[in-house]
Amino acid sequence: MFCETNPSPKALPLRITTWNANSVRLRGAILRRIAAEIRPDVLCLQEIKVEDAKFPHAMIDPLGYPYRYVHGQKGYHGVAVLSRLPLVEPRFLKWCGREDCRHAVVGLPGGIELHNLYVPAGGDEPDVETNPKFRHKLDMLAGLARHFEDTREESRRIVVVGDLNVAPLETDVWSHRQLLSVVSHTSVEVAALGRWQRSHGFVDALREVVPKEKKLFSWWSYRNRDWQASDRGRRLDHVWLSPALAPALRHAGITREARGWEAPSDHVPVTVDLDA
DNA sequence: ATGGTAGGTATCCTA
């Protein structure tokens, strides 16, 4: 369905990868492998866990990403965009009246608007009355839905990427039944994510390519002895395309083996190819 | 039902 039309005679091949690095300063070796083996044109990072002034630019200089937008803070959260292509009007958005660095927006050549997001994990208890982190997560998802609904414009060519910290489908977790009351897969979160997705008619790029019946994960906890053997994963990292951009989708995939690389993040890279 | 590991930071918080 996504190969029927060529949206532009001068379509630009564009590979975008999203990855929750879980501390960018510890991931030099993995960043080198992503640059060499996945070779994205644009690499979106979440949980860089570093303030802008201490971002490891020297470590990234050899990788061929001269255009960078860093939106970080000390210790927690933080997002960054590394690009081979110029970034147009890079900026950040704030949510829930907080100073958290969770959302960067950059323009790419061809009029593409790229949103790089880190949604709160939400703590342990899926109860907004007792757990302020869960309330924050639902508030941010609701705020994003409102924002994209209020600014909806069918011609906008939008890519939303990031760690959205919700696994929406039954096959996005290792056990739907056992995770129904575990934060990331509760019905209230899935509904909130769905409202945001529908607010702008976003297409879930990975599920355009991988059938919904097939299990698909992008995160495996550090707390399992053997992530590969137990395979208790979840799909928390996503790429969405606006309706105007969805026909440009050519491929999408998850670099599962990166979970087994030396000194891994608990998340692996998720990549899409567009003819944009 | 529980605890398991990793990262930032400076004593526990977050995931």
Side-chain angles (χ1 to χ4, degrees), chain A residues 18-31 33-34 44-56 59-60 70-80 94-96 98-103 116-128 130-141 161-168 172-175 177-186 188-190 192-193 217-238 256-270:
Chain A
T18 178
W19 182 49
N20 178 322
N22 188 19
S23 178
V24 68
R25 286 176 292 182
L26 292 182
R27 308 297 176 212
I30 296 194
L31 285 167
R33 290 192 71 167
I34 290 173
C44 295
L45 303 174
Q46 303 88 36
E47 276 206 279
I48 60 174
K49 292 187 174 180
V50 67
E51 59 203 277
D52 295 2
K54 294 185 178 175
F55 189 81
M59 182 179 91
I60 288 161
V70 179
H71 177 49
Q73 65 185 88
K74 184 176 178 179
Y76 305 103
H77 327 313
V79 292
K94 296 216 173 287
W95 295 100
C96 310
R98 294 174 182 245
E99 295 304 306
D100 294 8
C101 299
R102 297 182 179 275
H103 188 174
N116 179 19
L117 278 138
Y118 176 53
V119 170
D124 289 331
E125 272 296 316
D127 180 344
V128 294
T130 60
N131 176 4
K133 289 187 252 184
F134 194 66
R135 181 185 291 271
H136 177 209
K137 180 178 196 174
L138 293 181
D139 285 350
M140 181 162 164
L141 291 169
V161 308
D163 178 1
L164 307 186
N165 263 317
V166 180
D172 289 335
V173 292
W174 64 274
S175 168
R177 188 180 57 82
Q178 287 178 260
L179 288 176
L180 268 172
S181 59
V182 173
V183 172
S184 72
H185 193 58
T186 64
V188 60
E189 292 166 86
V190 171
L193 188 78
F217 310 143
S218 66
W219 172 90
W220 292 261
S221 172
Y222 284 127
R223 298 178 189 180
N224 289 317
R225 287 175 204 290
D226 186 335
W227 71 274
Q228 208 159 16
S230 56
D231 199 20
R232 295 187 167 191
R234 307 176 200 170
R235 187 171 70 107
L236 305 178
D237 304 274
H238 299 270
R256 178 185 162 99
E257 64 271 23
R259 186 62 179 77
W261 292 352
E262 184 72 22
S265 167
D266 43 357
H267 296 253
V268 299
V270 177

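Naming convention: chains lettered A, B, ... in sequence-line order (proteins, then strands); numbering from 1 in each chain. What you see is a predicted model, and the numbers here were worked out from it, not measured in a lab.
The nearest whole Å value for the distance from the CZ atom in A/Arg232 to the P atom in B/dG3 is 16 Å. To the nearest angstrom, C1' of B/dA15 lies 15 Å from CG of A/Leu26. Taking atom OH on A/Tyr222 and atom C1' on B/dG7, their separation rounds to 8 Å, with Å as the unit. The separation between A/Glu189 atom CD and B/dA15 atom P is 13 Å, rounded to whole Å. Straight-line distance from the CD atom of A/Glu125 to the P atom of B/dT2: 12 Å, rounded to whole Å. Here the C1' atom of nucleotide B/dG8 and the CD1 atom of A/Ile48 are 13 Å apart, to the nearest Å. Note: NZ (A/Lys49) to P (B/dG7) measures 8 Å, nearest angstrom. To the nearest angstrom, P of B/dA15 lies 13 Å from CZ of A/Arg234.
The cationic group of A/Arg33 lies under 6.0 Å from the six-membered ring centre of A/Trp261 and within 45° of the ring axis, placing it in a cation-pi geometry. In this structure, A/Arg232 is positioned above the aromatic face of A/Trp174, its NZ or CZ under 6.0 Å from the six-membered ring centre and within 45° of the axis.
Taking the C1' atom of each, B/dG3 and B/dA15 are spaced 15 Å apart, rounded to whole Å. B/dT14 sits 16 Å from B/dG4 when the C1' atoms are compared, rounded to a whole Å.
Atom CG in A/Asn22 sits 5.0 Å away from atom CZ in A/Arg27 (nearest 0.5 Å). Between the CG atom of A/Asp266 and the CD atom of A/Glu47 there is a distance of 7.5 Å, given to the nearest 0.5 Å.
In terms of phosphate contacts, A/Arg223 brings no side-chain nitrogen or oxygen within less than 4.0 Å of OP1 or OP2 of B/dT2. At B/dG8, none of the side-chain N or O atoms of A/Lys74 fall inside 4.0 Å of OP1 or OP2 (strictly under the cut-off).
Within 4.0 Å (heavy atoms only), A/Arg25 reaches sugar-phosphate atoms of the nucleic acid but no base atom.
Comparing A/Arg225 and A/Glu47 by the nucleotide of DNA chain B whose heavy atom lies nearest to each, the residue mapping closer to the 5' end is A/Arg225. Between A/Ala263 and A/Gly122, it is A/Ala263 whose nearest contact on DNA chain B lies nearer the 5' terminus.
A/Arg256 and A/Asp231 are joined by a salt bridge, as a carboxylate oxygen and a charged side-chain nitrogen come within less than 4.0 angstrom of each other.
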